[in-house]
Amino acid sequence: MSDISVGRQRIDSSKRTWLIASGCAGAVGGVATAIPFVSTFQPSEKAKAAGAPVEVDIGGLQPGEKMTVEWRGKPVWILKRSPAQVAELAKLDGQLADPQSKRNPDEFTPEYARNGARSIKPEVLVVVGICTHLGCSPIDKLQAGPQPSLPDDWHGGFLCPCHGSTFDLAGRVFKNKPAPDNLPVPPHMYLSDTRLLIGEDKKA
């Protein structure tokens, strides 16, 4: 084989290597371009952290049952109250620090929840399960009657184990407790009779 043929083979080989490398780089670039594009179809982690609304199916929730969902990194309680539990709420006004939710309403109670039940529908309570004292999470004490750390005439509600604040089944704080405010009602709305949207309402 002549020196010219050997030289040509080396050039062709180098060219082929360069073409393959260029093609691979182009393919990787194409994939890299496609990934961000595809990811735009899903909420980003930043959007979730900022508080993207959460849709919840409450169709299976029975009276006396509570479920918890996460919104903005906080527990949101959804409690389905029985007719008897709703009827008891009005009897507690004299024992509560803020029965009509007049304290800091813009922060704790949207206009559509400024009622005795603190809810859009009387039977369904939606509150953020974080005590307004130091940010502890209260525990369920839904059953009425005498219980440790609770009064003998307890009607059901929530107890913050950190410093003893108690809340009724509307998330309203009792008098003479460390918590200064009722449990917050997050913005929410009904998409249907059985579907809730937490984090957004008609005014949003």
Side-chain angles (χ1 to χ4, degrees), residues 51 53-54 56 58 61 63-145 147 149-151 153-190 196-204:
V54 178
V56 188
I58 61 169
L61 208 57
E65 290 183 347
K66 188 192 90 173
M67 65 187 296
T68 303
V69 298
E70 184 180 338
W71 172 68
R72 289 190 172 181
K74 300 175 183 178
V76 174
W77 297 341
I78 303 168
L79 171 67
K80 188 164 187 181
R81 298 171 289 204
S82 67
Q85 288 173 326
V86 173
E88 287 293 317
L89 294 176
K91 300 176 184 178
L92 298 173
D93 284 7
Q95 303 177 45
L96 302 169
D98 183 22
Q100 303 303 318
S101 300
K102 293 181 179 179
R103 291 185 188 170
N104 304 311
D106 292 336
E107 185 178 354
F108 293 99
T109 313
E111 188 175 348
Y112 46 80
R114 293 174 200 167
N115 51 58
R118 295 189 80 222
S119 59
I120 298 172
K121 294 185 177 184
E123 70 276 16
V124 181
L125 173 70
V126 181
V127 291
V128 175
I130 296 178
C131 181
T132 54
H133 180 217
L134 293 176
C136 302
S137 186
I139 56 176
D140 295 352
K141 293 292 182 179
L142 305 180
Q143 190 68 37
Q147 299 169 57
S149 304
L150 294 170
D153 62 346
W154 181 248
H155 292 272
F158 311 97
L159 166 68
C160 183
C162 299
H163 299 94
S165 294
T166 49
F167 303 85
D168 74 349
L169 290 173
R172 300 177 297 179
V173 67
F174 282 84
K175 288 180 178 178
N176 304 316
K177 299 295 180 179
D181 293 290
N182 298 333
L183 296 178
V185 175
H188 66 282
M189 60 188 288
Y190 284 87
L196 268 172
L197 188 65
I198 311 294
E200 188 174 306
D201 55 28
K202 291 178 181 177
K203 291 185 178 180

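The structure displayed is predicted, hence computed values, not measured ones. Side chains are part of it too, since the values below use all heavy atoms of this structure and drop only hydrogens, waters and symmetry mates. Start at 1 with the first residue, then count along the sequence.
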Derivation and outcome, side-chain contact (heavy atoms from CB on, under 4.5 Å), residues Ile78 and Lys80: CA-CA 7 Å; Ile78 303 168; Lys80 188 164 187 181; over 6 Å; no

Test side-chain contact (heavy atoms from CB on, under 4.5 Å) on Asp181 and Glu107; report intermediate values, then the result. CA-CA 10 Å; Asp181 293 290; Glu107 185 178 354; over 6 Å; no

Would Lys177 and Thr166 satisfy side-chain contact (heavy atoms from CB on, under 4.5 Å), going step by step from the backbone distance to the final call? CA-CA 7 Å; Lys177 299 295 180 179; Thr166 49; 3.4 Å; yes

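Taken from CG in Leu150 to NZ in Lys141, the straight-line distance is 6.0 Å, to the nearest 0.5 Å. Once rounded to the nearest 0.5 Å, the distance linking OG1 of Thr109 with CG of Asp98 reads 7.0 Å. The distance from the CG atom of Leu79 to the CG atom of Leu61 is 7.5 Å, given to the nearest 0.5 Å. Interatomic distance, Ser101 OG to Leu96 CG, rounded to the nearest 0.5 Å: 9.5 Å. Once rounded to the nearest 0.5 Å, the distance linking CD of Gln100 with CG of Asn182 reads 10.0 Å.
For the pair Val56/Met67, a side-chain contact is recorded, criterion being any heavy-atom separation below 4.5 Å from C-beta on. Trp154 places none of its side-chain heavy atoms less than 4.5 Å from the side chain of Ser149. At least one side-chain heavy atom of Tyr190 sits under 4.5 Å from a side-chain heavy atom of Leu196. Side-chain contact between Ile120 and His188: present, with at least one pair of heavy atoms (C-beta onward) separated by less than 4.5 Å. Considering only heavy atoms from C-beta on, Pro184 stays 4.5 Å or farther from Ile130 through its side chain. Under the 4.5 Å side-chain criterion, counting only non-hydrogen atoms from C-beta, Trp71 is in contact with Val54. A 4.5 Å side-chain heavy-atom check between Val124 and Ser119 finds every atom pair outside the cut-off. Residues His155 and Asp168 are not in side-chain contact: their nearest non-hydrogen atoms beyond the backbone lie 4.5 Å or more apart.
The number of heavy-atom neighbours closer than 6.0 Å to CG of Asn176, taken from other residues, nucleotides and ligands shown, is 12 or below. Within a 6.0 Å radius of CD in Gln147, other residues, nucleotides and ligands contribute more than 12 heavy atoms. The neighbour count for Lys66 NZ, taken as heavy atoms of other residues, nucleotides or ligands under 6.0 Å away, is above 12. More than 12 heavy atoms of other shown residues, nucleotides or ligands fall within 6.0 angstrom of atom NZ in Lys121.
Screening residues 100-135 for disulfide bond (SG atoms under 2.5 Å apart), with sequence neighbours left out, gives no hits.
Using a distance-only test at 3.5 Å, with no hydrogens or angles considered, no donor-acceptor pair links the side chain of Arg103 to the main chain of Phe108. At least one donor-acceptor pair under 3.5 Å links the side chain of Arg172 to the backbone N or O of Leu89. Without hydrogens or angle criteria, Gln85 side chain to Ser82 main chain gives a donor-acceptor distance under 3.5 Å. Using modelled atom types, one side-chain atom of Arg81 and one backbone atom of Leu169 make a donor-acceptor pair closer than 3.5 Å. The main-chain N or O of Leu142 is never found under 3.5 Å from a side-chain atom of Asp140 such that the two would form a donor-acceptor pair. Using modelled atom types, one side-chain atom of Ser165 and one backbone atom of Ala179 make a donor-acceptor pair closer than 3.5 Å.
For His133, the ring pair (Phe, Tyr, Trp, His ring centres under 6.0 Å) partners are His163, not counting sequence neighbours. For Phe167, there are no ring pair (Phe, Tyr, Trp, His ring centres under 6.0 Å) partners at least two apart in sequence or on another chain.
Pairing each heavy atom of Pro138 with each of Phe158, the nearest pair is CB-CB, 4.1 Å. Across all their heavy atoms, Ala113 and Val185 have their closest contact at CB-CG1, 4.0 Å.
A salt bridge does not link Arg114 with Glu111: none of the charged nitrogens is closer than 4.0 Å to a carboxylate oxygen.
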